Number of protein chains: 2
Amino acid sequence: MKLSTKGRYGLKAMLDLAVHSVDGQVSLNSIAERQGLSENYLEQLFASLKKAKLIKSVRGPQGGYMLADSPENISVGDILRALEGSLAPTDCVSEDQGAGSCSNSGRCVTRSVWERIRDGINNVIDNITLQELIDDYLRNNNSRIIDNT
Amino acid sequence: MKLSTKGRYGLKAMLDLAVHSVDGQVSLNSIAERQGLSENYLEQLFASLKKAKLIKSVRGPQGGYMLADSPENISVGDILRALEGSLAPTDCVSEDQGAGSCSNSGRCVTRSVWERIRDGINNVIDNITLQELIDDYLRNNNSRIIDNT
DNA sequence: ATAATTCCTAGTAAATTACTAGGGTATTCA
DNA sequence: TGAATACCCTAGTAATTTACTAGGAATTAT
């Protein structure tokens, strides 16, 4: 039940992007350098984020990425689900799966446990916006770091 | 962020055990057969559950396992943590780790996200008792199944 | 044109998962 | 007493997933 590096690196990179894209786009290279991540690997994560329409890109020299919407409108849940898929604890209650994935859903006793865990996680991550993380970061700019993992 | 078969099979087996151990112990073999699981694999899961003092065992013929406490006193959280370790989304906020595992914890912006996810999960699983699952199972005995995954 | 940048796909080493195999130990019962 | 039944323990392993690396193609500012 651990988040993979996709979710961890991706949230870290999105916060870096949000903080540094105030005037125009930001190159992946600069994000990778500041956060100590592999640029090639970040490319793959940003492909997922773009597909989910959370970021926009500009090609060519001086190109880069920027948020597709204001940070108040982007939740941690949007970001993590774009990168990790559903955070449901089992496939049978995953939002990704076709609804009828589990043939015995109506009769399964443990299913309600998995649903309640899923809803508990979603309730947390859907109620934290990127803006809140930016505020937290800027509040103590000189001593605050985004993530060190 | 998916639960492994340890957690899924283990909760399923614990509920089977709780339902069938009303008078005395229950053999692993019978649990494995009823639930369609590998007996050898279940042995390993039950070793973890025993180490966590959630079950007791009796050796020899007619031996088997039984709950170490009444089902109202055993939570889904107790069971899942015994099998999976901490359900925290990252190592840096895991209850398993030494407290000072993350050197920058006080300054890390995303740490609070991981903590809130961890607390959200724990709040769910620590507030569901095995007794509630038993009640749910018995409520509609003839149409209810424990788990089909 | 050239260089900087995003875009895209394939490959792969390491780690993890989900078991299987097989032997040992305690206890009951004929 | 000895055979059968169950728990106990460790090692090995195939399959899958993770976390990347590599390298080329497309786009565009200068």
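Sequence lines set the chain letters: A, B, ... in the order given, protein chains first and strands last, and positions in each chain run from 1. Everything quoted here is computed from the prediction, not taken from an experiment.
- One interatomic measurement links the two molecules: NZ of A/Lys6 to C1' of D/dT18, which rounds to 8 Å at whole-angstrom precision.
- Only A/Arg59, A/Gly60, listed by number, bring a heavy atom of residues 45-60 of chain A to less than 4.0 angstrom from any atom of DNA chain D.
- Remark: the A/Ser4 side chain and the A/Tyr9 side chain contain no N/O donor-acceptor pair separated by less than 3.5 Å.
- With salt bridges taken as basic N to acidic carboxylate O contacts below 4.0 Å, one links B/Arg139 and B/Asp136.
- Between A/Leu83 atom CG and D/dC20 atom P there is a gap of 14 Å when expressed in whole angstrom units.
- Between the CD atom of A/Glu33 and the CG atom of A/Asp16 there is a distance of 11.0 Å, given to the nearest 0.5 Å.
- Rounded to 10°, the helix from C/dA1-D/dT30 to C/dA30-D/dT1 has 0° between the axis fitted to its first five pairs and the one fitted to its last five.
- At whole-Å resolution of the value, CE in B/Met1 and P in C/dT17 are 14 Å apart.
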N/O to N/O distances under 3.5 Å, protein versus nucleotides 21-23 of chain D:
residue, atom, partner, partner atom, Å
D/dT21, OP2, A/Ser38, OG, 2.8
D/dT21, O4, A/Gln44, NE2, 2.5
D/dA22, N7, A/Asn40, ND2, 3.1

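- If you check the side chains of B/Ser86 and B/Glu95, you find a donor sitting under 3.5 Å from an acceptor.
- A/Leu45 CG to A/Glu84 CD: the interatomic distance, rounded to the nearest 0.5 Å, is 9.5 Å.
- Here the closest non-hydrogen pair linking B/Ile55 and B/Tyr65 is CD1-CD2, 3.7 Å.
- Here A/Ser27 does not reach the OP1 or OP2 of C/dT5: none of its side-chain N or O atoms lies under 4.0 Å away.
- The phosphate of D/dT17 (OP1 or OP2) has no side-chain N or O of A/Ser4 nearer than 4.0 angstrom.
- In this structure, A/Glu33 atom CD and C/dT5 atom P are separated by 11 Å, rounded to whole Å.
- Taking atom CG of B/Leu28 as the reference point, atom P of D/dC7 lies 5 Å away to the nearest angstrom.
- For A/Tyr9 and D/dA19, the shortest distance from a side-chain N or O to OP1 or OP2 is not below 4.0 Å.
- The distance from atom NZ of B/Lys2 to atom P of D/dT16 is 18 Å, rounded to the nearest whole Å.
- Using a 4.0 Å cut-off between charged side-chain N and carboxylate O, A/Asp126 and A/Arg81 make a salt bridge.
- Considering only the side chain of A/Gln62, D/dT30 comes nearest among C/dA3, D/dT30, C/dA18.
- Counted by atom type alone, B/Lys2 and A/Thr90 present zero donor-acceptor pairs between their side chains at under 3.5 Å.
- Taking CD1 from A/Ile31 and CE from A/Met14, the interatomic distance works out to 9.5 Å, rounded to the nearest 0.5 Å.
- A donor atom on one side chain and an acceptor atom on the other are found under 3.5 Å apart for B/Asp78 and B/Ser75.
- The only member of B/Thr129, B/Ile125, B/Asn127 that meets side-chain contact (heavy atoms from CB on, under 4.5 Å) when paired with B/Val76 is B/Ile125.
- Summarising the geometry, the separation between CD on B/Gln25 and C1' on C/dT27 is reported as 11 Å, rounded to the nearest angstrom.
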